[in-house]
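Residue numbers start from 1 in every chain, and the chains themselves are labelled A, B, ... in the order their sequence lines are given, proteins ahead of strands.
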There are 4 protein chains.
Amino acid sequence: MSEKLKVAIIGSTGYGGIELIRLLASHPLVEITSVISSSSAGMPIAEWFPHLTDIQTALLDDVDPQAIKAKADLVFTATPAGVAAKLAPQLLDAGLKVIDLSGDYRLQDTALYEKWYKKTPADEHYLKQALYALPEINGDKAQGASFISNPGCFVTSALLGLVPAVKAGWIDPASIIIDAKSGVSGAGRGASLGTHYSELNENFKAYKVNQHQHVPEIEMVLSEAAGHEVVTTFTPHLVPMTRGIMSTMYGAVKGEHTTADFIELYKQFYEGRQFVRVRKEGVMPMTKEVWGSNYCDLGFNLDARTGRITIVSVIDNLVKGASGQAIQNLNLMMGWDEGLGLQFVPVYP
Amino acid sequence: MSEKLKVAIIGSTGYGGIELIRLLASHPLVEITSVISSSSAGMPIAEWFPHLTDIQTALLDDVDPQAIKAKADLVFTATPAGVAAKLAPQLLDAGLKVIDLSGDYRLQDTALYEKWYKKTPADEHYLKQALYALPEINGDKAQGASFISNPGCFVTSALLGLVPAVKAGWIDPASIIIDAKSGVSGAGRGASLGTHYSELNENFKAYKVNQHQHVPEIEMVLSEAAGHEVVTTFTPHLVPMTRGIMSTMYGAVKGEHTTADFIELYKQFYEGRQFVRVRKEGVMPMTKEVWGSNYCDLGFNLDARTGRITIVSVIDNLVKGASGQAIQNLNLMMGWDEGLGLQFVPVYP
Amino acid sequence: MSEKLKVAIIGSTGYGGIELIRLLASHPLVEITSVISSSSAGMPIAEWFPHLTDIQTALLDDVDPQAIKAKADLVFTATPAGVAAKLAPQLLDAGLKVIDLSGDYRLQDTALYEKWYKKTPADEHYLKQALYALPEINGDKAQGASFISNPGCFVTSALLGLVPAVKAGWIDPASIIIDAKSGVSGAGRGASLGTHYSELNENFKAYKVNQHQHVPEIEMVLSEAAGHEVVTTFTPHLVPMTRGIMSTMYGAVKGEHTTADFIELYKQFYEGRQFVRVRKEGVMPMTKEVWGSNYCDLGFNLDARTGRITIVSVIDNLVKGASGQAIQNLNLMMGWDEGLGLQFVPVYP
Amino acid sequence: MSEKLKVAIIGSTGYGGIELIRLLASHPLVEITSVISSSSAGMPIAEWFPHLTDIQTALLDDVDPQAIKAKADLVFTATPAGVAAKLAPQLLDAGLKVIDLSGDYRLQDTALYEKWYKKTPADEHYLKQALYALPEINGDKAQGASFISNPGCFVTSALLGLVPAVKAGWIDPASIIIDAKSGVSGAGRGASLGTHYSELNENFKAYKVNQHQHVPEIEMVLSEAAGHEVVTTFTPHLVPMTRGIMSTMYGAVKGEHTTADFIELYKQFYEGRQFVRVRKEGVMPMTKEVWGSNYCDLGFNLDARTGRITIVSVIDNLVKGASGQAIQNLNLMMGWDEGLGLQFVPVYP
């Protein structure tokens, strides 16, 4: 076999980082040559994550673009918002390819970034180089790219459920409401009251209502699909579980269509894409049916009484919503089959 | 103290029944004189529910209207749909007052009942005698009633969040979407794949999309509040937790209003009602904040960008959504303070 | 009714503190006149705990012994270890009665405290004034006390299951092994990796094996019961749930006894005590059967093959393991019925 | 690559069966040619398990030994106790190799089987052909076997933690106590009160105390390791989680040893075995650190005060405790590397 692609992971002590490590361990054409964490450099990663005992024995490296370049060809940046904005330019300048899992390079409009993220935006020079890539929507552009911005978790679940109908003109974009529910791992590994077990267990809550930073990213893609500017209602909720996102979405149907028509529309739209599965009429997907895998499963119910369609979309937020999709993007960048190293059966139960 | 009201509970081995037992144990004017279960008559209830050891030592009685009448003045029927339809007439004929927690006497339109419940409706003669009573909406009619139909759990959470705005004409009834999330106890104690731990833990699912039997009940009350017929979109979901319902509701705002205006409208509407609590602007209630209590907590966010209001309503499905509200209705029937025996602090964490 | 006892709660923003608030809200002879938190003085407590909205509207007071004395007769100190060691002397000197829920006054041997707690012990002058009171074991001494040290949560569950058999000489004290399992609320409200939802959910772990600070407290009481020094094996585990402790305990049986004999021994030992419930042969208690209540439930199985008895003891760690027991101790101090204000039915399911 | 081994799975609609399907999907030398369920023959398996949509599209076959033989060379029987006792002889007679995941062929003593399982034992003729194989203990005998009996889940976790010390004579076998905790999936997919979400969530319970059918299996192997008959104390508990077993084990230490000595003993015992990982001193493994993987992780703490060692052993009950170990046994039967197709990184968080 030809030599493997050498990759480094910045943010290896976060959930996005260790999920990259888990998934890439099975990738036939990739080798992890550096696991990096600014806060824990010099420590064995298994001190932080004993589940990696005997599996990933490397010491954590510090963030040093030249040193990374000496070890790797491509870097995944799985860092909190605001960090990649500063790091990616250094990595790109060092000649590394970059796939960024944070939100720092998703919005080309820096004013929007500042408004929703409340942080300093990335330098426009580098921002323009970033390709925002959602494989099933615009993944055909990824091949040969050297800098990819990976979509947000809520965004992925919402857009895969909405774009085909919006593009087809079957739902009124202005009517769209996205009611999303996420497992707690989406909040990362930082300890706070908001991630405290006793506060979240046996509890269900809404947060950042109409104010989540994924709103402009959803609207950016929906507007492009609709051909005009779209604003949308988005409510994230926290579910007492670790992994999984469900987006329950509502739209006013335009024209005469049935649930079966929608199912057919989506099957055609996603024909040939191995990670989107459309349920048959009468069945809705559950988050556990994609747990640990890169699938996005979709279900549909059109209510003739109200003229509205209900679309349910589920993903694993750490896989299709983050690290799995980043690897899917890597595969597309490299011109490989998009499913390489990602064909896991969901873990059930 | 004057003699206590003697009550019997049919369905004592279900979750609604044991919650009545838990709550009534603290009621100063009520005494449980018979706990009844057709399936387990003759057994001590603590065999079924060891948490009642030393607390409720009675043997379970069989369902016998005359025998019940000899022991009690009022009966709670906490039975599955279809059972109270047959039982209530016998109990009423025996001279007992009845508070029914099932769905059998909520819809005056028997065709609607048949369509949504897929069961034989109750006899219209008795159906007409039933007062559908949601205390904060029409509880003023309850005093002196002898047959009360207690609202559904989803219905209670939805209507307390919607009726004031619909009555005020502040939201377009046709635009209402109700995205509801419930803990698993709402499905009762029956064992099935749908209540199996390994299937529900670390899972989130939608069910009966646009087909839940609470739809016509919600529409019945909303239509009355709006003054014209309303159809609505309703999606129930199952959350991996035992208790709690959140309804996240969306409506297009009519007229010029702010979030603060909505908060003020609801505060005025519920003035003097001890079990509805309105959160201040910027704060949304969580299900755990009402856990084990009879509260319904409400939060509001109006998004000027979309012209839509997001209303969040939380209850404990077994208390305000069932047994607590039934006791609140009992208090109103008897002319007592509606909070008698119900003033529990929510259990947190 | 005579005037109520005025009490203050230091540590009102911790789980022990809010559980005192929840439980005392139903106590007929007690009034909370001050809720105190050094870190959040001046804020309404409902900002920290919205479930107390409309229920506890007081602002948090600062820790000031003279100001407390002006408002209250007795103080509960529900603070982390090390804090009450410094606070209690000031409160006692100000003429207040004190019930301390921390570990600071449980061990009369200051060297033991230093070894296991790794903190500076309390002043011996005050330490000697503290009465360590486990109501069912030595609660007869509590009446009239002015300074009570409330037992630890693991300790309570273990001792109520072991002391009768040790006192009777039916098990060999040297053979005792205590395998304990606790819900996460036992770790308090502080945010850390150790209380992070995604780390604990769907996980089970042992911690502080043979090194938990409750070991010397258990041994102190067991030694007294045995009449000679006892050392014991104790393993705490963390269960992915919020409330509840089970101690599964093993001992070599001395003499000829059956499971039925043990059950009878314990029933006699706890005769007249309303909060200990002994299960019949063949049935073991579960933590949920005491959830939210002050009960300690016990079950027994003697294995003739091995000559060992297995004793299972369950409590709610925040009630019988902390705040409920503190109120039980208050009742005993005051000469009231020990169950006053504590007779809640466990919340099930 | 040479032709793959063709395998069939009986019990494909149970948790053991679908876990075999998940794991074998990544096995490079195995092909599933028939998924079998007596109760659901003719249905697509994805009707039962939608997470297999597009992955396993075969219809479920009926149980017909001749038809199976036409499709496969080896059968996994993942059926409830009592079923394989009848099935395996037919499969063996049809010329199929068999790996049985049930308890039917583990105990060579049929009287013991009847006593603990309360079912009719397997025919002794076939029983004698079964090789009970726990890879790390006696896996060297598996190569070339045609009928393997796979160990129980609790048994695997207990024995991997105990056998090295018992064989070395470092702990007194008579003193061993096994306190085990299991996730709910161990109870299978059957719906009952015992697997009902609302009954198990936020609950912890002991069951079958001293009466679990894994007791004689543990004693069978321990007795062989000790060289004399051993009886032991075993308490299984149910944890509110889906997967994972922890066995916390206690033994009186014989001779002068330290925690470090035990760690070294076990490292040597398991040298060259890829699925047992020994934690360093001061660290105990958690169940989540092996989640979804075939690892068994071990931790040790010797308490000089009591002279007892505490041994903690964790596995994923559905992988190392069932289907993963069955595949490991398959690998050994076939003379392949025991880790083939099983080298998954545990899923964390």
Next on the checklist: The test is side chain to side chain contact (heavy atoms under 4.5 Å, CB included); show your working for C:Arg305 and D:Glu219 and say whether it passes.
Outcome noted: CA-CA 12 Å; C:Arg305 298 167 64 256; D:Glu219 293 177 348; 2.5 Å; yes
Checklist entry - Is D:Gln108 atom CD crowded by more than 12 heavy atoms from other residues, nucleotides or ligands, each under 6.0 Å away? => result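 For D:Gln108, atom CD is crowded (more than 12 foreign heavy atoms under 6.0 Å).
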Next on the checklist: Counting only heavy atoms not in D:Glu229 (residues, nucleotides, ligands), do more than 12 fall under 6.0 Å from its CD?
Outcome noted: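 Counting other residues, nucleotides and ligands, CD of D:Glu229 stays at 12 neighbours or fewer.
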Checklist entry - Among D:Val312, D:Ile245, D:Val231, who wins on heavy-atom pairs under 4.5 Å with chain C? => result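 Result: the option with the highest number of such pairs is D:Val231.
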Checklist entry - Looking at D:Thr232, D:Asn201, D:Thr306, which makes the most heavy-atom pairs under 4.5 Å with chain C? => result D:Thr306
Next on the checklist: Quick test of your reading: applying ring-ring contact (aromatic ring centres under 6.0 Å, His included), list the pairs with at least one residue in residues 171-193 of chain D, sequence neighbours left out, ordered by first then second residue.
Outcome noted: none
Item to check | Shortest non-hydrogen separation from C:Glu202 to D:Thr242 and the atoms involved | outcome: OE1-N, 2.8 Å
Checklist entry - Rounded to the nearest 0.5 Å, how far apart are CZ of D:Arg243 and CG of C:Asn203? => result 14.0 Å
Checklist entry - Quick one: CG on D:Leu302 to CG on C:Asn210, what's the gap to the nearest 0.5 Å? => result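 D:Leu302 atom CG to C:Asn210 atom CG measures 8.5 Å (nearest 0.5 Å).
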Next on the checklist: Sort by residue number and list every residue of residues 280-290 of chain C having at least one heavy atom under 4.5 Å from chain D.
Outcome noted: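 C:Met284, C:Met286, C:Thr287, C:Lys288 fall under the 4.5 Å cut-off.
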Checklist entry - By number, which residues in residues 173-186 of chain C have some heavy atom less than 4.5 Å away from chain D? => result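 Answer by number: C:Ala174, C:Ser175, C:Ile176, C:Ile177, C:Ile178, C:Asp179, C:Lys181.
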Checklist entry - If you count heavy-atom pairs under 4.5 Å between each of C:Val314, C:Leu238, C:Asp303 and chain D, which one has the most? => result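 Winner by heavy-atom pair count: C:Asp303.
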Next on the checklist: I need the residue from C:Glu199, C:Arg308, C:Gln211, C:Met246 with the largest number of non-hydrogen atom pairs under 4.5 Å to chain D.
Outcome noted: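 Top count of heavy-atom pairs under 4.5 Å with chain D: C:Arg308.
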Item to check | Side chain, backbone, both or neither of C:Val239 within contact of chain D (heavy atoms, under 4.5 Å) | outcome: side chain
Checklist entry - Side chain, backbone, both or neither: which part of C:Tyr207 has an atom under 4.5 Å from a heavy atom of chain D? => result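 Neither part.
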Next on the checklist: Need one label for D:Ser198: side chain, backbone, both or neither, based on atoms under 4.5 Å from any heavy atom in chain C.
Outcome noted: both
Item to check | Contacting region of D:Val230 [heavy-atom separation from chain C under 4.5 Å] | outcome: neither
Checklist entry - By ring pair (Phe, Tyr, Trp, His ring centres under 6.0 Å), which residues pair with C:His237, not counting sequence neighbours? => result C:Phe204
